[in-house]
Structures are given as C-alpha cells and as structure tokens.
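Report on the following structure.
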Amino acid sequence: MSTFGKGCHLHLIDGSAYIFRAFHALPPLTRKSDGLPIGAVAGFCNMIQRYVEDNHGPDAPTHVAVIFDKGSHTFRNDLYDQYKANREAMPEELRPQIPLTRVATEAFNIACKELEGYEADDIIATLACQAREAGGRVTIISSDKDLMQLVGGGVEMLDAMKNRRIDREGVMEKFGVPPERVVDVQALAGDSVDNVPGAPGIGIKTAALLINEFGDLENLLDRAEEIKQPKRRQTLIDMREQIELSKKLVQLDCDTPLDFSLDDLEVRDPDPEVLMPFLAEMEFRTLSRRIAEKLGVEAPVIADVPAPADTAVETPEMPSFDAAVHECVRDADSLRSWIAQIEERGWVAVDTETTGLNEMTADLVGISLCVEPGHACYIPLIHKAGATGDLFGSDDLAEGQMAVQDALDLLKPVLEDPAILKIGQNMKYDAKIFARYGIDVAPIDDTMLMSYALHGGLHGHGMDTLSERYLAHTPIPIKPLLGTGKSAITFDRVPIDDAVPYAAEDADVTLRLWQTFKPLLHRSRVTTVYETLERPLVPVLAQMERNGIKVDRDTLSRMSNAFAQKMAGLEAEIHELAGESFNVGSPKQLGEILFDKMGLEGGKRGKTGAYATGVDVLEDLATEHDLPARVLDWRQVSKLKSTYTDALQTHINPDTGRVHTSYSIAGASTGRLASTDPNLQNIPVRTEEGRRIREAFVAEPGNLLVSLDYSQIELRILAHIADIPALKQAFAEGLDIHAMTASEMFDVPMDKMTPDVRRKAKAINFGVIYGISGFGLARNLRIPRAEAQGFIDRYFERFPGIRAYMDDTKGFAREHGYVETLFGRRIHTPEISAKGPRAGFAQRAAINAPIQGTAADVIRRAMVRMPPVIEDLNAKMLLQVHDELLFEVAEDTVDEVIARAREVMEGAAHPAVRLDVKLTVDAGQGANWAEAH
DNA sequence: GACATCACG
DNA sequence: GACGTACGTGATGTCC
C-alpha cells in the first residue's frame with residue numbers, strides 16, 4: 001500500500017448533496033415487490049456509477065471517499081441553538097433511503113465516511129487539510145458554497161451539476177474575496193439556508209467590500225468606528241457578538257477526530273460479488289444490466305412481480321364517428337318519431353344552438369338530439385336563407401324548418417318528463433335557453449360535471465377536451481362555420497347543410513361521453529359528489545343567474561365621471577413629477593421613468609426584461625418619493641373606473657335592467673364557483689372608495705338586499721381537519737381567532753393584545769391555509785425571512801397537528817395523485833411529483849385544496865337546499881361569493897329569510913359530515929350591497 | 001395573445 | 001442543497 005503524498009489526488013464527494021439531488025430529480029419510485037421508496041437510492045447509484053465511469057482518464061483520483069452527515073446535533077448547535085433551525089424536515093419517503101445510500105456506496109467499494117456529531121463539511125475540511133499538507137491534490141465534489149473556504153493550495157471544487165471547476169478565481173467571483181477570507185464574508189452576510197444570523201442588512205456584496213477595505217474581520221470589527229456609513233457602522237458595533245458567533249458557525253473544523261487515514265481511501269475496483277447482489281436486492285433492472293456489462297459479468301435475474309389485477313374499465317362498444325348517421329329533422333312527423341325513440345329509451349342527449357354565448361340574450365337557433373351513439377339529429381329552427389359567405393345574407397328564414405313553437409310544443413313534454421333523463425354538456429346553458437322559452441328541463445345529467453367529479457384538477461372539461469381524451473375523436477370545429485373577428489356570423493346564418501353535421505355530432509359526443517363516464521362515477525367513489533354537489537346545483541345556479549341583480553346605472557355613471565376627473569388630475573401631477581408626459585398605464589414606460597430616468601433603487605426586471613412595477617415595488621418606493629405614490633392612486637382609480645363603473649354598465653341587460661353573471665361550475669379546481677361576464681365575485685370592498693361601487697347594487701323598491709356569510713369558514717375547517725384542540729376550543733368559545741393565535745404564539749395575554757401582534761398572527765393563520773413558507777410570510781409581513789421562519793416554527797410547535805396535516809396531505813397526494821375534501825370531492829394533483837419549483841406549487845396547492853374545497857362543498861350544499869326552504873317567501877337568491885350568499889327580499893320578510901337561510905347554511909355539512917367546529921353565519925341587510933355586507 | 005397588474009374570497 | 005415561493009379566481013390595458 002502506498003502512502004498518500006505528492007502525486008496523489010483525493011476526491012471527496014459530498015454524499016448528502018448527492019442524495020438530495022437524486023431525491024428531487026427523480027419521480028417517487030418504489031420497489032416493485034414491497035413498495036419501499038427507492039427513488040433517491042436509484043438516483044444516487046446512477047450518479048455514483050456515472051462518476052466511476054467518468055473518472056478513468058489520466059487525471060483519475062488515486063483516493064476517493066463519499067462523506068455523509070451523521071446525527072442532527074453538532075457542536076454548532078451548542079454554540080447557537082437556532083443553527084439550521086429553519087431547515088425543512090426530511091421528507092418521509094426519504095428517511096428510510098438514507099441508510100441504503102451508505103450500503104450502496106460500500107457496494108461500489110468506495111470508502112464511506114461519517115462521524116457522529118460532525119457535519120460532512122467538517123470531515124471534508126479535515127481530509128482536505130491533511131491531503132494538502134501531504135502535498136497531494138484534492139477535488140471536492142459539491143456545490144455547497146460553505147466549502148469554498150477550503151479552495152487553494154491544490155484544493156479545488158467541482159460543481160458536478162454544472163460540471164464547473166471552482167478554483168481561487170471562482171471563489172473570488174462568488175464571494176469577492178480569496179478563499180481564506182470567505183468565512184469573514186459569510187460571518188457578515190449570514191446565511192438564510194443554515195440560519196446563520198450574520199449582520200442584519202449586510203449581504204455578500206457589502207461584506208466583501210468591507211473585508212477588502214479592512215483586510216480581515218477582526219481588523220474590521222476593531223476599527224468599526226471608521227466606517228463612513230452611519231447605519232452600517234452602528235450595525236457592526238452593535239452586532240459584534242453575533243458576527244463573531246456567525247464566524248464560528250461557518251468556520252469549518254480541520255481537526256475532526258477521524259478514526260481512519262487518507263491511506264484508507266485508496267481507489268478500489270468494485271467487487272461484482274458484492275455490487276450485483278445489492279443492485280438485485282434493490283430491483284434496479286436497467287442499472288444492474290448496465291453495470292454488469294461494464295464489469296463483464298452476468299446481469300442478475302430480478303424476478304418480475306405480477307402487476308396488480310387489471311382494473312381498466314371496459315368502455316362501451318360504440319360505432320365509429322365515420323359511420324354515424326346525423327339526420328336533419330324538418331317536420332313534425334320525423335320529430336315525433338325521434339320522440340318515440342326517446343320515450344322508449346328513457347334518456348336523450350340534448351344540445352342547443354343559439355345566436356350567441358349569453359344565455360340571457362341569445363335566441364334558440366336549433367336543437368340536436370341523440371339517443372344512441374352514432375344516431376343523432378339536428379332540428380334547425382330559425383336558420384336564415386342566403387348563400388354562404390354572403391356578408392349580409394337575407395333575413396328571410398331558410399326553407400324546410402319547423403316553426404319554433406311547433407317544435408317546442410312537441411318537445412316540452414319530453415324535456416319536462418320526470419321519467420326521461422336529459423343529458424347535456426354544460427346543461428346549465430341549455431336549461432337557461434329553454435327556460436326563456438317556457439320549458440323547465442328536468443331531470444338532467446351533465447357530462448361536464450361528471451368529468452369534473454371524476455377528473456377535477458387533471459384537465460379542463462370542455463367538450464373538445466373530453467372528446468379527444470376519452471373518445472379519441474376531434475369534434476368538428478365551430479370556427480370555420482362562424483368565422484372570426486369582425487366578419488364572424490351567428491349560428492342562424494350558418495347554412496343548414498353545414499349546421500347538421502356539426503350540431504348533431506355535439507349531441508352524439510355528449511351521449512358517448514355520458515356512457516363512458518356513467519360507470520366510472522361509482523368506481524371512482526365520486527357518485528355522491530356528483531349527485532349532491534354538482535348535478536343539483538345546475539337548476540339552482542340557472543335560476544340565480546336568471547334572477548340577476550339590479551344595478552343602478554346613474555350611480556355608476558356619476559362615479560365614472562368623478563373617477564375620470566380624478567385620474568386627469570393625478571395624471572397631470574405624475575407628468576409634472578416625471579418631467580415628461582408618458583402613458584401612466586404602461587408598466588414598461590413607468591419602469592423606465594422610475595429606474596432609468598429618475599435612477600431610483602430597487603429596479604428588478606421580470607422575465608420579459610421589463611422592470612417590475614407592482615404594488616409591492618411602488619409601495620416601497622412611495623415612502624421616499626411622490627411619483628410612485630401618485631401612480632398607486634391613479635392605478636386604483638383607473639381600476640375602479642375601467643373594470644367596475646364603466647364595464648358594469650355595459651352588462652346591464654336592457655330587458656331586465658339587471659346584471660346577470662354566469663357561474664362556471666367546473667372551472668376552479670378546488671370546487672369553488674367562478675363568476676364571469678361580469679365577474680361579480682370581485683366587486684371592491686377592501687378600500688372605502690372601492691366599497692362605494694357596491695352602493696350601485698340595489699334592491700327593487702319594497703325590497704332589501706340580505707347578505708349572509710360564513711365567519712372564518714376555512715380556519716374552522718382547518719381546525720377540524722388538522723384536529724387542533726386549541727383552535728377548536730377558541731371557535732367554541734367564540735373568541736377572536738387571530739388574537740387567540742397571537743396570544744398563544746407570542747405569549748401575550750388576550751387583554752394586552754396589540755393590533756400589530758394580532759395582524760402577524762392573522763397573516764400566519766392565512767399562510768397556513770395556503771401552504772405556508774418562510775419566504776412567503778416574510779414578504780407578506782415585510783419582515784426578515786429568519787424571523788418569519790421563527791414564527792412558523794413556533795406555530796407548528798404550538799399547533800403540532802398543522803404540520804402533521806401538511807405532511808399527511810402531501811403524502812396522500814403523492815400516493816394517490818389526488819387529495820380529497822371532507823365530502824369526498826377529489827382534486828387531482830398531477831404535478832405533485834414534478835421536479836423543480838413546480839413541485840413546491842403542487843404541494844402548496846395540495847395542502848390548500850382540501851380546506852378551500854371543503855368550504856366550497858359546504859356552501860354548495862347550502863345553495864342546493866336553499867330554494868325549497870325559501871320557496872314560500874318573497875325572496876330570491878342572487879349571488880354567491882365563495883363564503884357569502886346574497887338575497888333580494890321583500891322588506892317584511894327579511895327576518896324570516898335570515899333565520900331560515902342561516903339555519904340552512906350553518907347546518908350545511910350535516911348529515912354527511914359532523915364537524916367538530918360549529919359553522920357561524922353573519923347576516924346584514926340594506927338597500928344596497930354596501931349596507932348589506 | 002402574452003404579460004403585468006389588481007379586484008375578490 | 002438549490003431554487004423559487006404563499007391558495008383559488010377573472011378583467012383590463014399595453015405591447016408585439
């Protein structure tokens with residue numbers, strides 16, 4: 001055995017870095033035979049194998065070791081109990097894989113070293129120092145910047161990910177100082193990853209500047225009085241102890257007591273007798289074949305475990321679309337024959353064609369029916385005569401169409417027959433159209449909503465998407481029939497011959513989707529969700545949308561004028577301050593004025609290269625300058641004018657004098673509704689000026705608007721789902737939940753609560769619902785990240801169920817590919833195992849979905865039960881805003897409506913779910929929405 | 001049509 | 001150990 005010395009080359013591999021990279025780079029693989037999580041081990045072995053293959057050249061190492069961390073408590077924790085305190089807990093699936101990576105390293109016949117109570121970095125430092133003193137070369141394979149202090153004198157780093165060598169120059173580039181001064185810079189700058197405090201307000205740039213000026217840290221601290229910048233000077237004087245502590249934390253230990261020597265690390269060839277059985281045990285088929293080939297040995301045989309029984313659902317036999325018969329119904333006799341078929345079957349797929357997308361104004365143009373796949377018809381009713389492409393066409397009706405009333409008279413008994421199921425894709429649309437012609441379509445099934453219950457979160461639920469995914473058929477597109485832009489025509493101007501195949505096919509597709517989805521509902525255990533939360537909501541929403549809400553045009557118009565004046569004034573002021581005129585509404589131009597022309601600090605460019613000028617940025621700037629403050633004012637007024645006072649007026653229906661929004665039932669992944677055309681779920685309320693817009697939403701004379709909203713419903717649901725006794729009790733006692741949280745976290749008695757402490761607790765409470773992160777909370781509260789992390793840690797400590805809920809939810813999502821609400825709604829999380837930043841998004845969404853989704857389910861249940869309860873009263877349900885229902889009620893029935901509606905809402909979870917926390921509903925009333933809310 | 005911004009729960 | 005970060009929506013204006 002040779003002795004380590006000149007000519008030797010030691011490779012030190014940071015094992016923990018390999019593991020984490022492997023873990024995050026690979027999907028969550030499991031061992032087929034027993035389900036043991038194995039992804040990180042697989043990735044680790046791949047990386048080791050690639051390392052071995054890559055290191056055969058003339059520069060090959062003579063000695064090598066993989067170094068691991070061991071134990072979570074090191075001497076640094078004794079120095080500072082917050083050291084690495086904000087590290088995320090190790091993911092559950094990774095934990096059992098850690099010891100296996102040690103076994104793997106040894107199986108490759110590579111030295112594997114760790115030492116209780118020491119970080120891998122310290123062992124690496126000690127070995128690097130020893131090798132350097134012996135006159136050898138060292139390459140540290142890691143991208144951890146803490147190791148950069150070791151570079152120099154024959155020691156280099158290799159960032160394996162970027163395949164980049166880092167020498168003295170590289171360190172200078174990164175830290176602005178040579179390797180031996182790196183610890184000084186780190187001591188000042190601190191490190192948010194390891195939770196090293198450093199000096200507040202000093203980053204790497206400033207730290208390097210100071211160190212280069214004063215030579216080293218000790219000299220700097222001794223002569224801190226000489227620093228010119230007053231704030232910086234004071235920080236260094238005040239924080240001396242903390243800075244010196246930080247240096248001890250980042251300084252690597254070169255005297256780790258090792259029980260082995262460099263000579264023990266000599267490179268050895270792998271022993272196939274050891275390596276192959278290990279790979280076989282892990283069931284790595286591809287990798288073991290590849291390595292066997294390299295080593296020139298036989299690949300081990302790995303038994304194949306039979307896949308679980310085939311659970312694929314048989315799809316019903318259907319004829320191809322090419323063979324489909326799509327008939328045109330032009331007279332009463334043929335319609336009667338279709339009706340006979342419908343009555344025989346007991347179901348029919350229905351689709352309407354109209355002159356537009358707004359059900360409140362569009363006219364019925366034709367109706368499609370389908371009773372079995374491949375057999376559909378279209379009943380044209382008011383198609384216009386005239387040649388295709390004729391710009392004006394003729395207003396005369398085309399020949400060979402039934403009169404609208406004749407067709408509807410025949411169809412009405414069918415559409416209203418309780419024994420005949422009407423199947424539609426987005427049936428709310430068709431039901432609203434028919435309702436305007438005096439037909440109350442029922443009962444219904446809706447393929448869009450079936451898909452929503454089955455596949456929520458996986459993809460959209462429009463007909464084209466569903467047809468392509470589940471029928472492998474692309475429906476005839478509507479675009480070529482209608483054209484685009486200004487020359488677009490309405491469906492009544494589409495020639496009947498073109499309309500028939502398009503329209504009939506839609507009904508055909510709908511029926512096929514229904515036959516496909518129907519058996520899937522119970523297999524996926526979402527029949528109850530579909531039957532209680534989706535299907536019954538269709539007539540309820542259709543009625544609400546048809547009700548509409550009265551909006552006072554004059555009020556809006558007056559506000560618009562006032563806003564216009566205010567904007568003009570602000571605009572003049574802004575141009576004056578800028579010294580030139582520009583478009584205040586252009587973020588691009590504004591950014592250039594602020595950061596290029598005026599030279600303000602803090603200009604950050606987004607991905608398109610333009611400066612960010614969002615509220616956060618402008619609010620920071622507004623403390624020092626008038627221009628950004630005025631721009632914020634202008635933006636607020638501009639938003640109110642364009643989106644609300646102006647646009648809302650265009651949505652007032654001339655026939656009803658009311659605004660009729662449209663709710664999408666299957667739009668939001670969590671089960672929430674979404675409101676469009678116009679969106680009445682985001683009418684301003686948070687600022688006084690904005691709230692006045694709600695004064696334009698009024699009740700008819702003799703009526704009042706009544707608003708009922710759930711109090712803190714998401715936090716209550718969190719308390720139940722995560723099972724947090726303290727939160728549950730606080731709700732039971734009717735305490736101020738944010739104040740209680742604050743009291744618990746910051747040890748402030750409830751009667752000594754300050755608004756600021758309560759505000760922080762409130763932000764944390766909301767943060768938890770959103771899948772909190774230190775960074776996010778820090779940004780929200782505008783506090784240092786470490787402080788925010790401290791709050792979160794404390795919160796988890798006081799309410800341990802929260803962390804368990806988060807971990808369990810993530811685990812459930814990874815295992816099943818979806819999460820569930822208390823009522824069984826599934827929200828799929830296809831990106832939960834993605835790599836990169838998308839995984840973080842998916843995890844937070846998975847944590848939020850059961851909470852937001854359960855709240856959405858609760859109010860859906862309340863809405864479904866509401867109509868029969870208020871049927872005998874002079875009351876109409878108008879709007880839903882996630883946790884609020886708005887009614888228009890005759891003045892003398894207000895109290896009764898509030899009492900009954902409250903009872904329905906507060907009891908909406910029962911009997912399906914018994915919540916540990918009661919649901920509380922607040923009520924308000926008034927002549928307009930501002931007063932009622 | 002993409003992007004930035006901002007309104008709501 | 002690095003990287004980007006609060007969850008869910010819709011409408012508007014600018015700019016290419």
Side-chain angles (χ1 to χ4, degrees), chain A residues 14 16-25 69 84 87-88 120-121 142-147 159 161-162 193-194 583-591 606-608 610-618 632 635-636 638-644 646-648 661-662 664 667-687 690 693 709-710 713-714 763-764 766-781 785 788 792 827 835-841 843-853 855-856 859 880-884:
Chain A
D14 182 350
S16 304
Y18 261 42
I19 296 172
F20 278 100
R21 235 166 62 211
F23 179 71
H24 289 297
D69 296 311
K84 291 202 175 180
R87 272 288 159 86
E88 276 176 46
D121 289 359
S142 171
S143 49
D144 186 350
K145 59 189 181 321
D146 294 344
L147 290 164
D159 185 338
M161 195 124 90
K162 296 176 187 137
V193 176
D194 291 345
N583 185 347
V584 184
S586 163
K588 185 167 169 274
Q589 293 178 31
L590 175 66
K607 53 184 161 189
T608 50
Y611 289 113
T613 67
V615 256
D616 287 2
V617 178
L618 294 192
L632 283 170
R635 281 208 185 143
Q636 199 199 357
S638 160
K639 179 81 172 185
L640 293 177
K641 181 172 188 297
S642 66
T643 310
Y644 299 104
D646 286 351
L648 222 38
T661 184
S662 178
S664 66
S669 61
T670 54
R672 272 194 178 181
L673 302 179
S675 161
T676 60
D677 310 303
N679 182 352
L680 294 186
Q681 290 181 322
N682 71 347
I683 303 302
V685 69
R686 291 176 188 171
T687 66
I693 304 234
D709 69 292
Y710 285 106
I713 186 167
E714 293 195 352
I764 299 168
F766 279 108
V768 165
I769 292 174
Y770 299 151
I772 200 157
S773 77
F775 186 92
L777 185 65
R779 207 178 50 150
N780 188 291
L781 286 175
R785 193 182 154 166
I792 294 170
I827 297 116
K835 40 184 184 173
R838 297 213 315 244
F841 276 112
Q843 287 171 15
R844 291 192 296 273
I847 289 166
N848 173 259
I851 305 168
Q852 188 181 113
I859 198 165
Q880 187 251 43
V881 192
H882 310 307
D883 63 357
E884 172 188 6

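Chain A is the first sequence line, chain B the second, and so forth, proteins listed ahead of strands; every chain is numbered from 1. Bear in mind the structure is a predicted one, so any value in this text is a computation, not a measurement.
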How would you label the contact of [X] with the nucleic acid (heavy atoms, under 4.0 Å): base, sugar-phosphate, or nothing?
X	result
A/Ala856	nothing
A/Thr643	sugar-phosphate
A/Ala120	nothing
A/Ser669	sugar-phosphate
A/Asp677	sugar-phosphate
A/Gln589	sugar-phosphate

So, OP1 or OP2 of [N]: does either fall under 4.0 Å of a side-chain N or O from [X]?
X	N	value
A/Arg672	C/dG8	no
A/Arg686	B/dG9	yes
A/Asn583	C/dT14	yes

- Under the 6.0 Å and 45° cation-pi test, does A/Arg844 pair with A/Phe841?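 Flagged: A/Arg844 positioned over aromatic ring of A/Phe841.
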Could you check how far [atom1] of [X] sits from [atom2] of [N], rounded to whole Å?
X	N	atom1	atom2	answer
A/Ile764	C/dA6	CD1	C1'	13 Å
A/Lys639	B/dC8	NZ	C1'	10 Å
A/Glu714	B/dC8	CD	P	16 Å
A/Phe766	C/dT5	CZ	P	23 Å
A/Asn682	B/dC6	CG	C1'	9 Å
A/Gln880	C/dT9	CD	C1'	12 Å
A/Tyr611	B/dC3	OH	P	20 Å
A/Lys145	C/dG1	NZ	C1'	9 Å

- Item | Distance-only donor-acceptor test (3.5 Å): side chain A/Ser642, base C/dT12 | no
- Non-hydrogen side-chain atoms of A/Gln880 and A/Gln681 separated by less than 4.5 Å: yes
In whole Å, measure the gap between the [atom1] atoms of [N] and [M] for me.
N	M	atom1	answer
B/dA7	C/dG4	P	28 Å
B/dC8	C/dC3	P	36 Å
C/dT5	B/dC3	P	15 Å

- Message: With nearest nucleotide decided by heavy atoms, which residue, A/Phe20 or A/Gly767, maps closer to the 5′ end of DNA chain C?
- Response: A/Phe20
- Taking only the side-chain heavy atoms of A/His882 (C-beta and beyond), determine which of C/dG8, C/dG1, C/dC7 contains the nearest atom.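 Nearest nucleotide to the side chain: C/dG8.
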- Where the side chain of A/Ser143 is defined as all heavy atoms beyond and including C-beta, which of C/dA2, C/dT5, B/dG9 is the nearest nucleotide?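 Closest of the options to the side chain of A/Ser143: C/dA2.
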- Do any N or O atoms from the side chain of A/Thr661 and from the backbone of A/Asp677 form a donor-acceptor pair under 3.5 angstrom?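 Flag not set: sc A/Thr661 to bb A/Asp677 has no pair under 3.5 Å.
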- How about A/Arg635 and A/Thr613: does a side-chain donor come under 3.5 Å of a side-chain acceptor?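 A/Thr613 and A/Arg635 do have a side-chain donor-acceptor pair below 3.5 Å.
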